[in-house]
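Any value given below was found using the heavy atoms of this structure, including those in side chains, with hydrogens, waters and symmetry copies removed. Each chain gets a letter, A, B and so on, in the order the sequences are listed, and its residues count up from 1.
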Number of protein chains: 2
Amino acid sequence: MLTQERKRYLLQVLKQQGKLEAKAVAAELGLSDDTIRRDLRELAAAGMLQRVHGGALPKSPAEADLDARKSIASGSKQEIGKTAAGLIKPDQVVIVDGGTTAMQLVKNLRQDQKNTIVTHSPTIAVALSPYPLITVIMIGGTLFRHSMVNIGAATVEAASHIHADTFFMGVTGVDVKAGLSTGDLEEAYVKRALSLRAADTIVMASSEKLQVASPYVVMPLEKASGIVLEKNTSSPFKKLMKQSGLDVFVGGKNNERKGHVL
Amino acid sequence: MLTQERKRYLLQVLKQQGKLEAKAVAAELGLSDDTIRRDLRELAAAGMLQRVHGGALPKSPAEADLDARKSIASGSKQEIGKTAAGLIKPDQVVIVDGGTTAMQLVKNLRQDQKNTIVTHSPTIAVALSPYPLITVIMIGGTLFRHSMVNIGAATVEAASHIHADTFFMGVTGVDVKAGLSTGDLEEAYVKRALSLRAADTIVMASSEKLQVASPYVVMPLEKASGIVLEKNTSSPFKKLMKQSGLDVFVGGKNNERKGHVL
DNA sequence: CACGCTTTTGCATATATTTGCACGTTTCTT
DNA sequence: AAGAAACGTGCAAATATATGCAAAAGCGTG
């Protein structure tokens, strides 16, 4: 690979991803870290990018073509949201939980996606409004500000009238012993109720949620059908999930569901 | 994640959310609190934000793009919203319709206002979330994008379990002969249902809605208890309203309700 | 093709930065 | 006033960086 070609590639990565990690690119191109660092140093001297410890960033934040709102999410949640969105098949009826990870799922839907999405989060409902082919059904209740979801008896009751294919659930704790857990009792009830209304429940969990037990248990791990994880989740943990009977989905791969009917 | 990238992220959070809690961000990014605190300290030293105990705030309050939308509203709707908000008494349970005028009502609530607000609009629910003392109850249903309100049988059914003091209703047509009307049949049903669940129904109508008949009738004028109008509405029209038995409220005046029990 | 020259690349070493933790202090809450 | 939470500082381990150097590859000239 030519040096100049490589430099152009670096700038392209920067524009496309909004950031660049020297070590990762070096590994990707099969070169030493030093070489990439040298390139970055030179590009920075030429004013083409801003050199930072560990890699580089666009000279001005605005220069990334990323949707500003998308980039506000930590890369990990964005990755999980994208993977989860990819699991939704045309014309399915899915329930989408509240929370930032679920929000990333919404942001990663395709404009031409045709589905019915049920949610008990007004924030998610508002975020869904730009997608013309998606029918949005809201479940009411008492608004719980902390997570911006509706909770309470009314929510559980309203959910009982729904039958969905998949429930995409966010939790704050995923642990083999403690199961799936969250920080609020009412929220746990609602998540459980929603899970019962869907043929499959798929958990979305970024790394900081793993092997953590929150105060209120939603359900044991085995009750879920699958889990979406970050690509770089440790293999032992992925294995644990599989041993609990869950399908494991990570970004990048071709995620064909097997073992469960969608 | 790169250090500088994280700092940009912190600033972005601050701009978008108007505040930042160190601990919450640390958990979200899977880093120690110390690291975030260090970042905030450095950003504060660089004058990029204001450090406060527990997190950070934008350097100048104006820098949050929060209230940006408030100023977009036409003066007339803002005026009507303010007048309507002033009619809400402490601890009342009120139903708030969807739409831009209702949004102005929300924006004009006081931070220390203590009420229960019922709404079938996810947009309104989200807008209400910054008011700590307001209990928000959402009525679910199928999202009708055009007005960002939930409609359909589920909405009407859920409404039937509510008893409120006042319903603040938006309509697209107010006419003595045609009554109160709107542009969508389902929306009309919902408005009617909500009206029946409140002791009083107060209509919010900016000048362009007056003496206009929209396709679907919500109810005759006399069924409403009051109407909020712009200050400079023609006196004959105000008189017509009074003759139909409605209390007329306009901005600036001391709006004491009389003739109807709140 | 041989030769010297330049460029590029990877390595070794020394230096700098980042990060999490421990500990004592300050600030908030009740 | 007491307890909890957040804070700053110093420190050590991990990581990233700059620099000098040498090997390898590319280049032009004769």
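Applying the salt bridge (Lys or Arg N to Asp or Glu O under 4.0 Å) criterion to A:Lys239, with sequence neighbours excluded, gives no partner residue. Contacts of A:Thr142 classified as side chain to side chain donor-acceptor pair (under 3.5 Å), with partners at least two apart in sequence or in another chain: none. Listed by chain and number, the residues in a side chain to side chain donor-acceptor pair (under 3.5 Å) with A:Thr201 are A:Ser195 (sequence neighbours excluded). When the salt bridge (Lys or Arg N to Asp or Glu O under 4.0 Å) test is applied to A:Lys23, no partner is found at least two apart in sequence or on another chain. Under the rule for a side chain to side chain donor-acceptor pair (under 3.5 Å), the partners of B:Lys7 that lie at least two apart in sequence or sit in another chain are B:Glu42. Looking at residues two or more places apart in sequence or on another chain, you find a salt bridge (Lys or Arg N to Asp or Glu O under 4.0 Å) between B:Arg6 and B:Asp39. In this structure B:Arg110 satisfies the salt bridge (Lys or Arg N to Asp or Glu O under 4.0 Å) test together with B:Asp112, sequence neighbours excluded. With sequence neighbours excluded, the residues satisfying side chain to side chain contact (heavy atoms under 4.5 Å, CB included) with B:Glu21 are B:Lys19, B:Ala24.
Chain B approaches DNA chain C over the interval C:dT18 to C:dC28, counting the first and last nucleotide 5' to 3' with an atom under 4.0 Å from its heavy atoms. Chain A approaches DNA chain D within less than 4.0 angstrom (heavy atoms of the protein), and the contacting nucleotides run 5' to 3' from D:dA16 to D:dT19.
One end of the helix from C:dC1-D:dG30 to C:dT30-D:dA1 points its axis 50° away from the other end's axis, with each axis taken from 5 pairs and the angle rounded to 10°.
Listed by first then second residue, pairs satisfying side-chain hydrogen bond (donor to acceptor under 3.5 Å, both in side chains) with a partner in residues 127-136 of chain B number zero, not counting sequence neighbours.
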